[in-house]
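First comes the structure, then the notes that go with it.
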Amino acid sequence: MEAGELVQLLRQAVDLANQGIVVCDSEGKVVLRNARAREMVNAREGDALADRAVEAALERALAGSQHEETLDLYSPTRHTLEIRSYPLGDTRPPLGAVALVDDVSELRRLEAVRRDFVANLSHELKTPLGALSLLAETLEGEDDPEVVARLTGRLGAEARRLSRMVDDLLDLSRIEAGATGTLVPVSLAAVMDEALEGFHEPAAARGIKLHVSPPAEDLSVLASRRDLVSAVANLIDNAISYSEPGGTVYLSAGRLGERACLWVRDEGIGIPKRDQERIFERFYRVDRARSRWTGGTGLGLAIVRHVAAYHGGDVSVQSVEGEGSTFTLSLKLLVFEEDGPPRGGCGDD
Ligand code: ADP
């Protein structure tokens, strides 16, 4: 192969790399800049800084030493570049130098999310664990059967909350990892029935009525039945928990164009406007004390949002403080065409 052809091949190959690559000759003149480097260090504002940093890194490498630095840029958007440079050739001074540029913004963001999650989780687990050890200590020296019964009851409730939290966390990580099993056609009416199971008694005990309007037509979605039932049950559980005695919780479903929608409406305490987007975040609660009293884990709506997302849908809320909330779970409708396969899987658009 001729030298010219080899250069052409090498140029094409480095253009495919996901890392920015800039090579200069012994004079510091740039002789190669691959596609990714051109993208990262182009005419955008702020990238002049990146350009200068790459130049400086190449100069240092030409002086004979390896160099590594991290550059935070704030314009036009915040991003972080890692720049490493090396001398090339075995001679002194070197024949040239190379600078490798990595955009590590996404990596940094994920690291921050993970750090926050671990910090939040430790805090969330510490609270019930602290309560458990305090209750156990108090029980040790207690003889009064009434007090013992009360403390044991609270101990059980804290232990159950802890165990629910671990179950929710396991569910969340399974769903986030995409380990959802096969999606099958599921009827919304059946999901509503199944999700409601187990709520009739606790609702009645709190003086809350349950009102169900099944869809007028047979609506089906392609779903993991277990996850969809658990998402709807979470919404019903919240609607009951955040309602006052005498209120009604309405569960209904219907078709909006190509979407199947499921609504859970309550006449409860409502959610302030500023919190309405954040309640879908892990561990976010509007009122910590109330959530603790209802035995909440702060993970329910995060699970609902993930379940909706992998079914090609979403969940939203409309709420007025003191009047109530309506949660809408919108999913892609499965349409059965005569003599054809069902349409409306998460993959089709
Ligand atoms: P929790 O286990 O605390 O209920 P969720 O993730 O299910 O956690 O909900 C997050 C927060 O959103 C709750 O702590 C509560 O403040 C608020 N919330 C959820 N559903 C409702 C509702 N139907 N009415 C009022 N507030 C609600």
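Computed from heavy atoms alone, side chains included, the values below leave out hydrogens, waters and symmetry copies. When a ligand or atom number is given, it counts from 1 through the structure's own listing order.
For ligand 1, none of its N or O atoms has an N or O atom of I269 under 3.5 Å away. Polar contact with ligand 1: present for L301 (N/O pair, distance under 3.5 Å). At a 3.5 angstrom cut-off on N or O pairs, Y284 does not count as close to ligand 1.
Checked for salt-bridge contact, R36 and E39 meet the test: a charged N lies under 4.0 Å from a carboxylate O. By the 4.0 Å N-to-carboxylate-O rule, D168 lies too far from R282 to be salt-bridged with it. For D171 and R226, the salt-bridge test passes: some basic side-chain N is under 4.0 Å from an acidic carboxylate O.
With ligand atoms numbered from 1 in the order given, ligand 1 contributes 2 (O) to contacts under 4.0 Å with heavy atoms of T297. The atoms of ligand 1 that sit less than 4.0 Å from any heavy atom of G270 are 25 (C). Near S325, the atoms of ligand 1 lying under 4.0 angstrom from a non-hydrogen atom of the residue are 24 (N).
Closest heavy-atom approach to atom 12 (O) of ligand 1 among the candidates N234, D237, I279: I279. Ranked by closest heavy atom to atom 1 (P) of ligand 1, the top entry among P272, S243, G298 is G298.
Heavy atoms of F283 come nearer than 4.0 angstrom to ligand 1 in no pair at all.
A donor-acceptor pair shorter than 3.5 Å cannot be found between the side chains of R164 and T297.
Note on ring orientation: taking the six-membered ring where Trp is involved, the planes of F283 and F117 are parallel (angle under 30°, cut-offs 30° and 60°).
Under a hydrophobic-cluster definition in which Ile, Leu, Val, Met, Phe, Trp and Tyr are linked whenever side-chain heavy atoms come within less than 4.5 Å, directly or via other members, L10 and V23 are assigned to different clusters. By the rule that hydrophobic residues join a cluster once side-chain heavy atoms approach within less than 4.5 Å of another member, I240 and Y250 end up as members of separate clusters.
Contact annotation for D275 and ligand 1: no heavy atom of the residue comes within less than 4.0 Å of the ligand.
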